[in-house]
Amino acid sequence: MPSSLPPEPHVARRAVLGAGLAFASLRSWAAQDADAEALLRKGGVVAAFRHALAPGTFDPPGFRLGDCSTQRNLSEEGRAQARSMGAWFRHRQLQPGKVLSSPWCRCVDSATLAFGPPQVWAALGSPSGSPETTSAAHLRELRTALATASSRPGLFEVWFTHMFVLSDLANTNTSSGEALILRAGTHGKTEVLARLAVPA
């Protein structure tokens, strides 16, 4: 699986939780779907996260992929949210077999704060240009990787990516910091089995 950064896009993209979360809030983090923990324990799935809270829309003019100072980044709320993701998994002794991330700083930072440094994977990167659609080549890579992960009982992977990528892959909307528990279905269809979401 490639881990190098993709080329810098030609078209620039424009533009919760507090740090002192109580343990009770962490316990309720996955309350939207009680099956999520059981699915992760069983394995053969991917927890695909939209990055934690990064206020704004798109990336600012002059965006450069290798320079976090030019990108839309996590807020302090977002950083706390990412730590809460990791705390939820650690409390349940759920250890991902692999943590993969889009090269965008807000995804890498979300993954790092939750689980430690991820493996960067270009296919999880945010699409650029208009319309904002994940390339067919990247979708093929994602579906192939999902099929491989789905064939490994007892293991699960965690991916950090963007709203547009999750929408194209799973045909559903996500909130910042929310994860979809995914499995490869028949005929290349992606199945959404459960959700993990920070409560409002």
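Everything numeric in this text was worked out from a predicted model, so none of it was measured.
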- Message: Between V45 and V158, is there shared hydrophobic-cluster membership here, with clusters defined by ILVMFWY side-chain heavy atoms closer than 4.5 Å?
- Response: yes

- When rounded to the nearest 0.5 angstrom, what is the spacing between CG in L196 and CG in L40? 6.5 Å

- Query: Does the ring centre of W104 sit less than 6.0 Å away from the ring centre of H162?
  - Reply: yes

- Query: Atom OG1 of T70 and atom CZ of R64: how far apart are they, to the nearest 0.5 Å?
  - Reply: 5.0 Å

- Between S101 and V108 the two heavy atoms that sit nearest each other are OG-N, 3.2 Å

- Item | Under 3.5 Å: donor-acceptor pair, side chain of S102, backbone of T161 | no

- Evaluate the side-chain contact (heavy atoms from CB on, under 4.5 Å) criterion for residues V46 and I181: first the C-alpha distance (whole Å), next the side-chain angles of each, then the deciding distance (0.1 Å), finally the verdict. CA-CA 6 Å; V46 169; I181 308 301; over 6 Å; no

- Item | Hphob cluster co-occupancy, L113 + V99, side-chain heavy atoms under 4.5 angstrom | no

- For the pair N73 (side chain) and C68 (backbone), establish whether a donor and an acceptor sit closer than 3.5 Å, ignoring hydrogens and angles. yes

- E191 versus G185, closest heavy-atom pair with distance: OE2-CA, 3.6 Å

- Note on the structure: Separation between CZ (R50) and CG (L166), nearest 0.5 Å, reads 8.5 Å

- Begin with the C-alpha distance, continue with both residues' side-chain angles, and end with the deciding distance and a verdict on side-chain contact (heavy atoms from CB on, under 4.5 Å) for T190 and L142. CA-CA 10 Å; T190 299; L142 294 170; over 6 Å; no

- Message: Can you tell me how far apart CD (Q81) and NE2 (H51) are? Round to the nearest 0.5 Å.
- Response: 10.0 Å

- Task: Locate the shortest heavy-atom distance separating F160 from A111; write the atom from each residue and the value.
- Result: CD1-CB, 3.4 Å

- Item | Test log, rule side-chain hydrogen bond (donor to acceptor under 3.5 Å, both in side chains), inputs R195 and T172 | CA-CA 11 Å; R195 290 174 180 258; T172 189; 2.5 Å; yes

- Message: Treating R106 as the side-chain partner and R72 as the backbone partner, does any N or O pair qualify as donor plus acceptor under 3.5 Å?
- Response: yes

- Message: For a 4.5 angstrom cut-off between non-hydrogen side-chain atoms, does L124 reach C107?
- Response: no

- Message: Are the side chains of E157 and L100 in contact, using a 4.5 Å heavy-atom criterion?
- Response: yes

- Should the pair W121 and W159 be assigned to parallel (<30°), tilted (30 to 60°) or perpendicular (>60°) ring geometry? perpendicular

- Message: Given 3.5 Å as the limit, does a donor-acceptor pair link the side chain of R90 with the main chain of A114, or not?
- Response: yes

- Group every Ile, Leu, Val, Met, Phe, Trp and Tyr by side-chain heavy-atom contacts under 4.5 Å, then state whether M85 and W88 land in the same group. yes

- Task: Step by step, work out the side-chain contact (heavy atoms from CB on, under 4.5 Å) result for E37 and L94.
- Result: CA-CA 8 Å; E37 182 179 347; L94 291 168; 4.2 Å; yes

- Query: What distance do N173 atom CG and F164 atom CZ have between them, rounded to the nearest 0.5 Å?
  - Reply: 10.0 Å

- Message: Is it the case that the side chain of R79 and the backbone of S75 share a donor-acceptor pair, with hydrogens and angles ignored and the cut-off at 3.5 Å?
- Response: no

- Query: Between Q71 (side chain) and C105 (backbone), is there a donor-acceptor pair under 3.5 Å?
  - Reply: yes

- Query: Just by distance, do the side chain of S110 and the backbone of A52 share a donor-acceptor pair under 3.5 Å?
  - Reply: yes

- Answer yes if L155 and L193 sit in the same cluster of Ile, Leu, Val, Met, Phe, Trp and Tyr residues linked by side chain heavy atoms under 4.5 Å apart, and no otherwise. no

- For the student: nearest non-hydrogen atoms of P118 and T112, plus distance: CD-OG1, 3.4 Å

- Note on the structure: For A197 and E178, the nearest pair of non-hydrogen atoms, with its separation, is CB-CG, 3.8 Å

- Task: Check step by step if side-chain contact (heavy atoms from CB on, under 4.5 Å) holds for R140 and R143.
- Result: CA-CA 5 Å; R140 281 194 300 271; R143 288 174 178 144; 5.9 Å; no

- What's the spacing between L169 CG and H138 NE2 if we round to 0.5 Å? 13.0 Å

- Task: Compare all side-chain heavy atoms of T174 with those of F49 and state whether any distance is below 4.5 angstrom.
- Result: no

- Message: Keeping S167 on the side-chain end and M163 on the backbone end, is there a donor-acceptor pair under 3.5 Å?
- Response: no

